[in-house]
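For clarity, every value in this text was computed on a predicted model and none was experimentally measured.
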Amino acid sequence: MKVKNEKINEIIDVLSQFLQGKEEALRLSLITFFSKGHLLIEDLPGLGKTTLAIGIAKITGLSFGRVQATSDLLPTDITGVSVYNKQTEKFEFHPGPIFNNVVLVDEINRATPKTQSALLEAMGEKQVTVEGETYKLPKPFFVIATQNPVEQYGTFPLPESQMDRFMMKISVGYPSRSAEREILKGGSKREELYSIQPLMEKEEVEKIQEEIEQVYLSDRIVDYILDIAETTRKSRYFSAGLSIRGTLTIAKTAKTNAYFKGRDFVIPEDVKELLPYTVPHRIIPHEVYENSNSKELVLSVLKDIPVPA
């Protein structure tokens with residue numbers, strides 16, 4: 001298979017103009033998007049998370065929806081609701097913002113657990129059920145959720161089952177001083193972002209996603225992923241290790257990482273490079289280690305796993 005990743009590089013180049021100093025967050029977001037996963041971003045407000053979501057939707061020619069999570073947000077505010085039509089004397093379904101290709105759920109952990117759970121079926125099954133009726137969501141379907149640090153007031157921690165639905169968890173982080181200097185001199189580019197021309201269409205996005213699935217995964221890479229899973233499951237530090245969804249995530253994102261780099265086969269570095277973003281949020285530490293930095297704890301365990309030559 002000939003890898004045609006030129007458009008991917010073009011997308012990164014164009015969006016980097018709007019996300020100065022955050023190229024790595026952009027690349028990880030696009031890997032998640034083309035791996036057909038969902039992304040969780042934990043960071044402080046005002047660091048470019050919304051710009052990132054709008055940019056991906058615009059550059060790929062996809063529809064965009066946004067949900068601002070609050071403590072009084074209802075599940076139907078996300079999924080939609082049936083309204084009685086007096087003229088037809090029937091209830092008609094009015095789809096909510098989840099019926100878009102790219103959906104930004106801002107500050108997801110300010111929503112109550114009941115509302116958070118409304119997203120579970122959508123993210124896992126690519127469908128929603130409202131009042132007994134099941135509705136398929138559009139393809140491609142990509143959720144970017146942002147989460148405030150859990151120590152902030154008015155937050156409801158996401159349950160483990162929902163954390164496992166996110167393919168990656170990343171932070172955008174502060175830009176470098178030089179990048180922030182350019183932002184200050186150039187001003188906000190949010191309005192320009194809405195007017196950028198798409199570099200591909202929905203059909204091309206789906207075609208690239210299908211090509212990525214064809215990237216070759218050798219037996220030794222599969223064994224490497226299984227070693228990672230087994231280590232987390234047997235470690236004395238954790239009460240629960242990687243799920244099967246977790247190992248599938250590692251394999252899928254490694255294929256996309258290889259594709260982005262112009263290869264049609266996965267090498268161990270494609271896996272290793274993404275472990276800090278695909279594994280830690282899925283692992284549950286034992287109670288005695290809950291106050292430890294879970295990311296550092298997980299990565300310290302994984303670093304001892306032999307990497308295939």
Side-chain angles (χ1 to χ4, degrees), residues 8 11-12 15-16 19 21-44 47-49 52-53 55-56 102 104-105 108-109 123 142-150 157-158 160-175 209 212 215 217 221 224-225 227-229 231-232 235 238 240-261 266-285 292-303 305 307:
I8 302 287
I11 287 174
I12 292 174
L15 292 186
S16 292
L19 292 155
K22 297 166 185 172
E23 288 78 7
E24 181 65 5
L26 172 61
R27 192 179 69 85
L28 294 170
S29 303
L30 288 171
I31 287 176
T32 309
F33 171 69
F34 282 102
S35 300
K36 300 183 180 179
H38 305 293
L39 180 69
L40 178 63
I41 304 176
E42 183 175 280
D43 231 323
L44 297 168
L47 295 177
K49 301 186 289 290
L52 181 68
I56 291 175
V102 180
L104 172 65
V105 183
I108 187 174
N109 59 340
M123 293 170 62
F142 179 46
V143 171
I144 299 180
T146 72
Q147 173 174 264
N148 293 323
V150 291
L158 297 179
E160 288 81 9
S161 58
Q162 184 143 359
M163 291 295 283
D164 201 33
R165 260 41 174 212
F166 288 103
M167 187 168 268
M168 282 198 202
K169 179 185 173 188
I170 68 169
S171 295
V172 174
Y174 292 110
Q209 289 177 328
I212 287 171
V215 171
L217 197 67
I221 299 294
Y224 181 42
I225 295 172
D227 287 344
I228 291 168
T231 300
T232 63
S235 172
F238 312 126
L242 270 178
S243 64
I244 296 174
R245 187 183 288 120
T247 53
L248 285 170
T249 282
I250 294 174
K252 286 180 179 177
T253 53
K255 286 183 175 184
T256 309
N257 202 13
Y259 188 92
F260 274 31
K261 293 176 179 174
V266 175
I267 61 175
E269 284 69 22
D270 294 324
V271 175
K272 190 175 179 181
E273 184 180 296
L274 298 180
L275 292 181
Y277 315 105
T278 55
V279 176
H281 65 285
R282 303 170 187 277
I283 306 296
I284 304 173
S292 305
N293 185 316
S294 59
K295 186 173 183 178
E296 289 182 4
L297 192 62
V298 171
L299 296 179
S300 69
V301 171
L302 298 183
K303 71 179 178 58
I305 301 172
V307 178

Give a yes-or-no answer on whether the side chains of Ser35 and Thr256 include a donor-acceptor pair shorter than 3.5 Å. yes
Can you check whether Ile12's main-chain N or O pairs, donor with acceptor, with Ser16's side chain at less than 3.5 Å? yes
Flag side-chain contact, heavy atom, 4.5 Å: Ile56 against Ser29: yes
Quick check: do Phe166 and Leu158 have side-chain heavy atoms less than 4.5 Å from each other? yes
With no hydrogens and no angle check, is any side-chain donor or acceptor of Glu23 less than 3.5 Å from a backbone partner on Leu15? no
What one should report as the nearest heavy-atom pair of Ser171 and Ala25 is O-CB, 4.4 Å
Evaluate the salt bridge (charged side-chain N to carboxylate O under 4.0 Å, His left out) criterion for residues Glu24 and Arg27: first the C-alpha distance (whole Å), next the side-chain angles of each, then the deciding distance (0.1 Å), finally the verdict. CA-CA 5 Å; Glu24 181 65 5; Arg27 192 179 69 85; 3.3 Å; yes
Determine whether Lys261 and Glu269 satisfy the following criterion, salt bridge (charged side-chain N to carboxylate O under 4.0 Å, His left out), listing intermediate values before the conclusion. CA-CA 11 Å; Lys261 293 176 179 174; Glu269 284 69 22; over 6 Å; no
Can you name the nearest heavy-atom pair linking Pro268 to Val307, along with the distance? CB-CG1, 3.4 Å
Could you pull out all residues at least two apart from Thr232 that satisfy side chain to side chain donor-acceptor pair (under 3.5 Å)? none
Rounded to the nearest 0.5 angstrom, the CD1-CD1 distance for Ile305 and Ile225 is 11.0 Å
Is there side-chain contact between Phe142 and Thr32, with at least one heavy-atom pair below 4.5 Å? yes
With a 4.5 Å cut-off on side-chain heavy atoms, are Ile283 and Val301 touching? no
If every non-hydrogen atom of Ala53 is compared with every non-hydrogen atom of Val102, which pair is closest and at what distance? O-CG1, 4.0 Å
Would you mind reporting whether Leu104 and Thr146 have side-chain heavy atoms less than 4.5 Å apart? yes
Between atom CG of Leu28 and atom CG of Leu274, what is the distance when rounded to the nearest 0.5 Å? 6.5 Å
Could you tell me how the ring of Phe260 sits relative to the ring of Phe34: parallel (under 30°), tilted (30 to 60°) or perpendicular (over 60°)? perpendicular
Which distance, rounded to the nearest 0.5 Å, do you find between the OG1 of Thr253 and the CD1 of Ile31? 7.5 Å
For a quick test of reading the model, state the closest non-hydrogen atom pair linking Val271 to Ile221 and the distance between them. CG2-CG2, 4.0 Å
With sequence neighbours excluded, residues passing salt bridge (charged side-chain N to carboxylate O under 4.0 Å, His left out) with Lys36: Glu213
How many angstroms lie between atom NZ of Lys303 and atom OG1 of Thr231, to the nearest 0.5 angstrom? 12.5 Å
Taking all non-hydrogen atoms of both residues, which atom of Leu299 and which atom of Pro276 are closest, and how far apart? CD2-CA, 3.9 Å
Leu297 side chain near Phe238 side chain, heavy-atom distance below 4.5 Å: yes
Thr247 and Ala229 have their tightest heavy-atom pair at CG2-CB, 3.5 Å
Sub-4.5 Å side-chain heavy-atom contact between Leu52 and Lys22: no
Would you check, one step at a time, whether the test side chain to side chain contact (heavy atoms under 4.5 Å, CB included) holds for Gln147 with Lys169? CA-CA 10 Å; Gln147 173 174 264; Lys169 179 185 173 188; 4.3 Å; yes
Out of the candidates Gln162, Met168, Met163, Met167, only one should pair with Leu40 under the side-chain contact (heavy atoms from CB on, under 4.5 Å) rule; please name it. Met163
Any donor-acceptor pair under 3.5 Å linking the side chain of Asn257 with the backbone of Asp270? yes
Beyond-backbone contact of Arg165 with Arg245, side-chain heavy atoms, under 4.5 angstrom: yes
Intermediate values then yes/no, side chain to side chain contact (heavy atoms under 4.5 Å, CB included), Ile11 and Leu26: CA-CA 10 Å; Ile11 287 174; Leu26 172 61; 5.8 Å; no
